[in-house]
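Note: hydrogens, waters and symmetry copies are ignored here, and every other heavy atom, side chains too, is used. Counting starts at 1 for both ligands and their atoms, following the listed order.
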Amino acid sequence: MALDLVIRGGTLATAERTFRADVGIEGERIAALGEGLSAMRVIDASGKLVLPGGVDSHCHIEQLSSMGVMTADDFYSATVSAAYGGTTTVIPFCAQHRSDDLRKVLADYHERARTKAVIDYGFHLIIANPDGPTLREHLPAAIGSGIRSLKIFMTYERTRLTDEQILDVMAAARRHGALVMVHAENHGVISWLAGRMVKQGNTLPRYHGICHTRGAETEAIQRVVALAELVDCPILIVHVSTGDGIEAIRQARARGLKVFGETCPQYLLLTAKDIDIGMQGAFFCCSPPPRDEQAQEACWRGLKDGTLHVYSSDHAPYGREGKLPKGESTTFKEMANGVPGLELRLPLLYTYGVGAKRISLPEFVNLTATRHAQTYGLYPRKGVIAVGSDADIAIWDPQKSVVVEQTHDRTGYTPYRGRRLQGWPVTVLSRGEMIVEDGKLAAARGRGQFLAREPSEALRPLGRDVPEMAQLKAWETPLQL
Ligand code: DUC
Ligand code: ZN
Ligand code: ZN
């Protein structure tokens with residue numbers, strides 16, 4: 001077999017095991033795994049870990065937020081930042097707002113990404129305008145084009161859906177084969193509290209954390225699980241932050257429901273104290289907000305026991321302009337929500353998870369790559385080192401120690417500044433091409449490809465009989481996936 005490239009002598013990891021092998025690459029794919037492979041080009045990986053490139057299934061890139069603010073990153077800066085951190089696939093959002101035509105939204109995002117992305121990308125949709133044409137025509141067409149997931153919001157004035165609309169979207173997603181991702185927070189609780197706080201003059205960033213209560217998350221998760229159960233629709237709750245929220249997912253799963261959970265670095269590593277530093281706390285504000293040490297432990301446990309299925313960045317990059325648009329007089333209601341995390345997602349989990357012995361290396365691979373690819377219809381093309389898979393590989397130096405300063409996104413800050421991380425992806429390949437070589441970028445702008453995704457097992461409805469639904473004439477059976 002004529003191999004183009006061999007990664008020699010490293011320790012490989014999959015979601016199941018670690019083992020010593022060379023990786024043979026032919027063109028864009030992995031062609032062989034084994035001992036003693038040779039080729040004209042060889043990368044010496046002795047003493048290194050050879051891991052699947054990360055798949056980040058939750059990030060916001062060149063996107064207008066629910067509050068109408070544009071991210072600081074475009075598809076170039078975000079994907080460059082991802083590549084430096086060992087991530088080789090991203091799935092950001094195409095965000096429909098209230099009056100938007102989904103077809104135009106989708107075309108715009110394709111255009112934005114096509115000429116800029118340096119790694120491969122899929123898309124999720126955000127559905128904020130579930131009117132007749134969207135649900136009957138535009139959404140099915142988008143799903144058919146390989147966009148097999150969509151996000152809905154239970155809060156934010158500009159994007160939230162009513163329970164009736166949520167059921168409509170779930171029914172359409174079930175019928176046409178898309179996974180429904182949910183931002184689960186009770187809108188009434190947050191806006192009731194926030195209105196009163198601002199009137200009282202409590203406008204500092206710390207009040208953002210206070211208004212997004214733990215109970216608001218738990219209630220919304222419980223409610224959306226009940227809605228999903230009624231229409232037999234698998235759901236994935238994104239950015240889960242609380243022990244009670246995780247418990248609600250655990251209970252739903254124990255009843256056999258297809259309810260998946262996701263958490264992010266900010267819920268494992270930050271707390272409300274990070275926001276409680278005056279106006280600069282804005283740079284640590286995200287929704288839901290980081291909580292306390294107990295909640296962090298609950299998130300670690302949830303990742304370990306599988307209640308939390310994936311670990312994503314929720315990279316929502318905003319610089320000073322987005323965070324403090326009115327300078328020191330910005331209220332917490334006017335700050336853009338979100339923190340950057342695309343680049344540090346993997347190194348943080350490696351240090352605080354694998355290094356701290358909270359998780360094993362195969363669990364790390366599963367949580368950062370394999371599960372994402374499986375859940376979102378990219379497996380086995382992405383998320384695994386196996387013969388036939390794309391050669392998306394991060395070579396890690398477990399001895400490399402880095403004190404975090406600045407990352408390569410355009411926010412100008414990172415919430416993890418000053419932390420010492422042990423273990424770093426030094427060389428990164430995407431479809432067989434070196435895109436980061438010994439810590440230096442080697443990727444051409446626009447080389448990333450759009451990934452049309454397949455329906456995954458995760459989105460297949462249970463097929464349970466729901467007695468109430470049997471009475472409904474127009475209730476549709478799901479597509480045969
Ligand atoms: N939800 C997200 O998923 N990201 C940023 C802000 C938000 O509300
Ligand atoms: Zn969200
Ligand atoms: Zn997000």
Legend entry - Residue His239, metal the Zn ion (ligand 3), N/O/S under 2.8 Å: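 No, His239 does not qualify, because none of its backbone or side-chain N, O or S atoms lies under 2.8 Å.
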Inset, instruction - Using 2.8 Å as a strict upper limit, say whether an N, O or S atom of His60 approaches the Zn ion (ligand 3) that closely. - result: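 Within the cut-off used here (under 2.8 Å), His60 does place an N, O or S atom near the Zn ion (ligand 3).
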Legend entry - N, O or S from Val238 under 2.8 Å to the Zn ion (ligand 2):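 Not a single backbone or side-chain N, O or S atom of Val238 is under 2.8 Å from the Zn ion (ligand 2).
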Tell me which protein heavy atom sits closest to [atom], plus the residue, atom name and distance to 0.1 Å.
atom	value
atom 4 (N) of ligand 1	Asp314 OD1, 2.9 Å
atom 7 (C) of ligand 1	Tyr156 OH, 3.5 Å
atom 3 (O) of ligand 1	Lys151 NZ, 2.6 Å

Which of the atoms in ligand 1, numbered in the order shown and given with their element, are less than 4.0 Å from a heavy-atom of [X]?
X	answer
Ser287	1 (N), 7 (C), 8 (O)
Asn337	5 (C), 6 (C)
His239	1 (N), 2 (C), 3 (O)
His183	1 (N), 7 (C), 8 (O)

Inset, instruction - Please name the pair of heavy atoms, one in Cys233 and one in Val180, separated by the smallest distance, quoted to 0.1 Å. - result: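 Minimum heavy-atom separation between Cys233 and Val180: SG-CG2, 3.9 Å.
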Inset, instruction - Considering non-hydrogen atoms only, spot the tightest contact between Arg112 and Met70 and give its length. - result: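 Closest approach of Arg112 to Met70, heavy atoms only: NH1-CE, 3.9 Å.
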How about [X] and [Y]: are their ring centroids closer than 6.0 Å?
X	Y	answer
Phe364	Trp396	yes
His58	His239	yes
His183	Tyr156	yes

Inset, instruction - Measure the acute angle between the ring planes of His124 and Tyr376, then classify it against the limits of 30° and 60° as parallel, tilted or perpendicular. - result: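 His124 and Tyr376: perpendicular rings.
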Inset, instruction - Assign the ring pair His309 / Phe260 to parallel, tilted or perpendicular, where the plane angle (0 to 90°) is split at 30° and 60°. - result: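 Ring orientation, 0 to 90° scale: tilted.
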Legend entry - Identity of the N, O or S atom of His183 lying closest to the Zn ion (ligand 2):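 When I compare the N, O and S atoms of His183, ND1 is nearest to the Zn ion (ligand 2).
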Legend entry - Any Val238 heavy atom less than 4.0 Å to ligand 1: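 No, Val238 has no heavy atom closer than 4.0 Å to ligand 1.
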Legend entry - Shortest-distance N/O/S atom, Asp314 versus the Zn ion (ligand 3):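 So the atom name we want here is OD1.
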Legend entry - OH on Tyr76 to CZ on Arg410, rounded to 0.5 Å: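 Arg410 atom CZ to Tyr76 atom OH measures 8.5 Å (nearest 0.5 Å).
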Legend entry - Salt-bridge present (Asp232, Arg174; N to O < 4.0 Å):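 Arg174 and Asp232: salt-bridged.
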